[in-house]
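Okay, structure first, notes after.
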Protein chains: 2
Amino acid sequence: MGEFELIERIRSRAAPGSGVVVGIGDDAAVLAPTPGCELVVTTDSIVLDRHFTADWPGSNVGQLAAQANLSDLAAMGASPRWALLALTLPAIDEAWIDAFLDGFLAAAGSAGMTLVGGNLARGPLNIGVHLVGEVPAGQAVTRCGARPGDRIAVTGTVGDAAAALSLGEAASPELLDRLRRPRARLQAGETLRSSARAMIDLSDGLLADLAHLLAPGQGAELDLDALPASAALLEAVADPVERWRLQTGGGSDYELLVVLPPDADLDALSKAGGVALTAIGRVVEGQGVACRSATRAVPAGLGRGWDHFDDD
Amino acid sequence: MGEFELIERIRSRAAPGSGVVVGIGDDAAVLAPTPGCELVVTTDSIVLDRHFTADWPGSNVGQLAAQANLSDLAAMGASPRWALLALTLPAIDEAWIDAFLDGFLAAAGSAGMTLVGGNLARGPLNIGVHLVGEVPAGQAVTRCGARPGDRIAVTGTVGDAAAALSLGEAASPELLDRLRRPRARLQAGETLRSSARAMIDLSDGLLADLAHLLAPGQGAELDLDALPASAALLEAVADPVERWRLQTGGGSDYELLVVLPPDADLDALSKAGGVALTAIGRVVEGQGVACRSATRAVPAGLGRGWDHFDDD
């Protein structure tokens, strides 16, 4: 199969979508944006042995590629619209590509997003995803806007992906699923758009990502006892201190970390967003993040964040 | 230098631009599209040993990455607005990255395009570029629209990049420049928007790209004697038949191949587009491309197009 057959194969599998004036197959795609909306654009590359390993099924790679990018749109409160896929492949492996598309297109479809174009090149495996979302003008949620006294909350549960990485082959299917089949919190992001002061998705680790939400002169108090843990994490990691390390330092959870006004109604937001929203701390004047627990001593130097150029 | 320092370095070098609500440094960029316009989006990956070699200066790699993508916008008649850069790097080499940015940002600046975000990952070198352009609604030029009797024209000159590849170290600086420092024909693309029936940029080779402009039941007559050649090509390749091979089969010229109504005023379009537009053939009923010459015998099987998965 050559380049043009592969493009035709991808084109035939991509579902039609709204706002697509010219889709796959021309020099570029032409899209009709919604009047009154701003565009929210993001890109992310998924690399072998960094974000996934050779033993991953292609469908999981496709799912991760889509969801990691969708998570960035969720963090802005945006609604996904269109996707471009830049595939650099060492060779054309039809079965792998089909499996990859299974995962990618399923994730795109459930997010209401249409694949409208992309690029193929030959080289070491690299999966580039480029998304265009929309948000009503002026309503995008950025990382800036936290005020002292605001509450810090997180969607879902944290630490599963880090536990899966840490446990390796001993990880339970539930934990592995969080690593390989994350789900961007799109509904929660759109719901939180109207009340969030600041928001980010958890990709580098809770403490590292929280630091991005604090302005100079701001710090945070984090209640370790409140960190939401899944049943799978509680079962796999019995030691609470070890759990804290995974929950505060591990990346790839793709949950939303959000700063809300003190009077925000977390129950109502949880219901509307389709996922539990748990208060885990507070923005304060000062600097740094103070980790607190009412139940046991907090070890010094809880996990640090994930730098994509770290060697470990 | 870590990931965050590198992002900050890139951010500090990117010029401010219009329509940027949120730029580099958040989960995604937020952009204000122009009312009445459609979006034109494209992505392209530049890969070591496919599109460039290790001996290229970083600034040339940056320039190629920008121009190859800008050329896709030019081919739609679009105006560039915003760029995202997905860099996968084996390590952080500050000097190389600065040189790369020199080339990329210079090309972006002269195209009126702002770098608004991107992604960094560690892995085998891969440069992903994602562009968002705009075009007045309904005016994008696609590959479809040619009619029998239409004229086929090309901007600038063709064959230089192929000659540079073919000659290797023996290539003149002028030829090398066409390969490493192509210039997307943006002004010509915008000018041709109002009269072009169909348009494509020359990236895979003239015959291969021309085939994309012909509908089923359409063919073309191509006048080999009319193919515009640069002085550098005429000097480097004396044999006209060998020149034809390079001009019809070689890729990476990044000129525009355009189908125009029979009565189009090429002189006026050349003047407005800032580059010579040369008539090289005609769309006919039938199929295939007939290569003609009034001066010498045309060899069978003139060069084929470039498939990014070919081994040669």
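Everything numeric here is computed off the predicted structure, so don't read it as measured data. Order of the sequence lines fixes the chain letters, A, B, ..., with proteins taken first and strands second; residue numbering starts at 1 for each chain.
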Does any heavy atom of chain A fall under 4.5 Å from the side chain of B:V30, the backbone, both, or neither of them? both
Where do B:H130 and A:T43 land on the side chain to side chain donor-acceptor pair (under 3.5 Å) test, with the steps shown first? CA-CA 8 Å; B:H130 308 285; A:T43 184; 2.8 Å; yes
Heavy-atom closest pair (B:E38 atom, A:P33 atom, distance to 0.1 Å) is CA-CD, 4.1 Å
Which bit of B:A29 is near chain A, if near means a heavy-atom gap under 4.5 Å: side chain, backbone, both or neither? both
What heavy-atom pair brings B:T42 and A:D27 nearest, and what distance separates the two atoms? OG1-O, 3.4 Å
Would you say CD of A:E8 has more than 12 non-hydrogen atoms from neighbouring residues, nucleotides or ligands within 6.0 angstrom? yes
B:V21 portion near chain A, given a 4.5 angstrom heavy-atom threshold: side chain
Taking A:V40, A:N126, A:V132 one by one, which has the highest count of heavy-atom pairs under 4.5 Å against chain B? A:N126
Option in B:A140, B:A32, B:G118, B:G128 with maximal non-hydrogen atom pairs under 4.5 Å from chain A: B:G118
Is it the case that more than 12 heavy atoms not belonging to B:R193 sit under 6.0 Å from its CZ atom? yes
Residues of residues 76-86 of chain A under 4.5 Å from chain B (heavy atom pairs)? A:M76, A:W82, A:L84, A:L85, A:A86
Would you confirm whether B:D26, through its side chain, and A:R143, through its main-chain N or O, come within 3.5 Å as a donor-acceptor pair? yes
Sidechain-backbone polar pair: B:R122 side chain, A:V47 backbone, donor-acceptor under 3.5 Å: no
Just so I understand: if I count every heavy-atom pair under 4.5 Å between each of A:V116, A:V141, A:I200, A:D49 and chain B, which residue has the most? A:I200
Select one option (side chain, backbone, both, neither) describing which atoms of A:V41 are under 4.5 Å from chain B's heavy atoms. both
Take atom CZ in B:R197; do more than 12 heavy atoms of anything else shown fall under 6.0 Å from it? yes
From OG (A:S45) to CD1 (B:I127), nearest 0.5 Å: 11.0 Å
